[in-house]
There are 2 protein chains.
Amino acid sequence: MVKTQETLRRALHERGLRMTPQRQLVLDAVRELEHATPEQICARVQVQAPAVNITTVYRTLDLLERLGVVRHTHLGHGAPNYSVREHQHVHLVCHDCGDVAEVPTELLDDLAGSLRDRFGFRLDATHVALSGACTACAAARRTEGRTLEEADS
Amino acid sequence: MVKTQETLRRALHERGLRMTPQRQLVLDAVRELEHATPEQICARVQVQAPAVNITTVYRTLDLLERLGVVRHTHLGHGAPNYSVREHQHVHLVCHDCGDVAEVPTELLDDLAGSLRDRFGFRLDATHVALSGACTACAAARRTEGRTLEEADS
DNA sequence: TTAGGTGCAAATCGTTTGCGAGTAA
DNA sequence: TTACTCGCAAACGATTTGCACCTAA
């Protein structure tokens, strides 16, 4: 919390950059909203400071990300989703209803190990959401129409 | 192959839809290109039929997807990536150099099992690319001595 | 004759860029 | 003074929509 803020201020200062109200507000919004799009973050910031432009939000998110304070995740089709860096988990996105579940990153530890050993690939478990069908939609699908592939057999 | 084409024709007919040259060409392009964005698919189609509009490509891809003939994958920030449904594997995308590797879906079998048992979530292994650092970029990063503050997305 | 299919232009969404003005060190 | 910051407008890339025309059943 405060730690990140001081870390940010120091990191900015080291690079000759300043801690501004806008940057403060954007960081606060990211932390409070937990998962939010630039649009949502902007709306939140504008509650306190209506004059802040969405361009500034984009620029600030980009900066905060380069400083390692926030990260973004692609949850699916639309806009990316920002959260503070400490807030780590794997996202499960239902491609039918769009529901997003969060599960611990440890679930990917084995996979990360295989990818590293076999392909030299360092998995970043938090950056991308896993897609599939949630319990409800998987059940619904089983009782419904089938796809072309399935009908073909 | 011919099989999919006939299957498609039948599926279309069942729904009162027609097999048109455009649809044929789009499907051919998706298959030939293996992984391609709507833009690339359109370009390919226009080699044979320059008048075909990108709008038609989008509409056709959407239709083919609903029929289960093609699928799309989000490889990262930009446009989605279409391939025929049979063409299955997991994508590993390097978030530094953008390189895309393909690995067998079996790697995710264990994970898919856990997600199903513990969360009722049916993983679709092919829809999303896994993000991380490829061998080269992981090595480069280590020698650069990046600090926490310098970590990048 | 009617539903389906297409092309074209315009709209939309998310994001970036150019630029001029403001402000802290 | 000199960077750095910001807001605003415009540009931009990807995709969608509205609409008129056209064609197969």
Side-chain angles (χ1 to χ4, degrees), chain A residues 8-27 29-30 33 35-46 48-67 69-82 98, chain B residues 8-27 29-30 33 35-46 48-67 69-70 72-82 98 153:
Chain A
L8 172 57
R9 170 166 257 123
R10 202 179 62 238
L12 287 169
H13 193 258
E14 275 170 16
R15 285 147 225 256
L17 308 177
R18 284 169 258 169
M19 173 61 110
T20 66
Q22 284 91 336
R23 286 170 182 170
Q24 185 97 357
L25 287 166
V26 168
L27 178 54
V30 171
L33 297 173
H35 290 287
T37 62
E39 204 88 33
Q40 295 169 324
I41 292 164
C42 187
R44 175 63 160 248
V45 167
Q46 288 177 337
Q48 313 243 2
V52 173
N53 195 276
I54 191 157
T55 303
T56 301
V57 173
Y58 276 107
R59 283 193 280 232
T60 303
L61 287 172
D62 187 64
L63 173 65
L64 294 179
E65 187 151 37
R66 276 184 287 114
L67 294 177
V69 179
V70 306
R71 60 148 48 81
H72 78 268
T73 305
H74 292 280
L75 254 35
H77 307 262
N81 209 281
Y82 284 82
Chain B
L8 172 57
R9 170 167 258 123
R10 202 176 64 237
L12 288 168
H13 194 257
E14 274 172 17
R15 286 151 224 250
L17 308 177
R18 285 169 239 155
M19 175 61 112
T20 66
Q22 285 91 336
R23 286 172 181 169
Q24 186 98 352
L25 287 166
V26 169
L27 178 54
V30 171
L33 297 173
H35 289 287
T37 63
E39 205 88 34
Q40 295 168 325
I41 292 163
C42 186
R44 176 62 161 250
V45 166
Q46 288 177 338
Q48 312 244 1
V52 172
N53 195 277
I54 190 154
T55 303
T56 300
V57 173
Y58 275 108
R59 284 194 279 232
T60 303
L61 287 172
D62 187 64
L63 174 65
L64 294 179
E65 186 151 37
R66 277 183 287 113
L67 294 178
V69 179
V70 307
H72 78 268
T73 305
H74 293 280
L75 253 36
H77 305 262
N81 209 282
Y82 285 82
S153 75

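Quick caveat, the model's predicted, so the values are computed rather than measured. Residue numbering restarts at 1 for every chain, and letters A, B, ... go by the order of the sequence lines.
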Practice task
Walk me through it: do B:T60 and B:L25 pass the test side chain to side chain contact (heavy atoms under 4.5 Å, CB included)?
Solution key: CA-CA 10 Å; B:T60 303; B:L25 287 166; over 6 Å; no

Problem - For A:H13, side-chain contact (heavy atoms from CB on, under 4.5 Å) partners two or more places apart - result: none

Practice task
Give a yes/no on whether any side-chain N or O of A:T20 is located under 4.0 angstrom from OP1 or OP2 of D:dT5.
Solution key: no

Exercise for the section: Grab the CE-P distance between B:M19 and C:dA3 for me, whole Å please. Expected result: 24 Å

Practice task
Would you check, one step at a time, whether the test side chain to side chain contact (heavy atoms under 4.5 Å, CB included) holds for A:L61 with A:H72?
Solution key: CA-CA 9 Å; A:L61 287 172; A:H72 78 268; over 6 Å; no

Completion exercise
Rounded to whole Å, the CZ-C1' distance (A:R23 to D:dC4) equals 8 Å

Problem - Atom-pair distance (CG on A:D62; C1' on D:dT5), nearest Å - result: 15 Å

Atom pairs under 3.5 Å: protein N/O with N/O of nucleotides 14-16 of chain C:
from   : atom 1 : to    : atom 2 : distance (Å)
C:dT15 : OP2    : A:Y58 : OH     : 2.4
C:dT15 : O5'    : A:Y58 : OH     : 3.3

Handout entry: Residues in side-chain contact (heavy atoms from CB on, under 4.5 Å) contact with B:A43, at least two apart in sequence or another chain
Key = none

Pairs: protein N or O with nucleotides 20-25 of chain D N or O, under 3.5 Å:
none

Exercise for the section: Provide, to the nearest angstrom, the distance between the CD atom belonging to A:E14 and the P atom belonging to D:dA3. Expected result: 20 Å

Handout entry: Pair of N/O donor and acceptor under 3.5 Å linking C:dG4 base with B:R59 side chain
Key = no

Practice task
Find the distance A:R15:CZ to C:dA25:C1' and express it as a whole number of Å.
Solution key: 19 Å

Problem - Spacing of B:L27 atom CG relative to C:dG5 atom C1', expressed in whole Å - result: 17 Å

Practice task
Applying side-chain hydrogen bond (donor to acceptor under 3.5 Å, both in side chains), name anything that partners B:T56, two or more places apart in sequence or on another chain.
Solution key: none

Completion exercise
By side-chain hydrogen bond (donor to acceptor under 3.5 Å, both in side chains), A:R23 pairs with (sequence neighbours left out) none

Exercise for the section: Starting from P on D:dC4, measure out to NE2 on A:H13 and report it in whole angstrom. Expected result: 12 Å

Exercise for the section: State which residues pass side-chain contact (heavy atoms from CB on, under 4.5 Å) with A:E39; sequence neighbours excluded, sorted by chain then number. Expected result: A:T37, A:I54

Handout entry: Residues which pass side-chain hydrogen bond (donor to acceptor under 3.5 Å, both in side chains) with B:Q22, listed by chain and number, not counting sequence neighbours
Key = none

Problem - Spacing between B:L12 atom CG and C:dA3 atom P, to the nearest angstrom - result: 19 Å

Problem - Set of side-chain hydrogen bond (donor to acceptor under 3.5 Å, both in side chains) partners for B:Q24, sequence neighbours left out - result: B:Q5

Problem - Short side-chain N/O contact from A:N53 to OP1 or OP2 of D:dC8, under 4.0 Å - result: yes

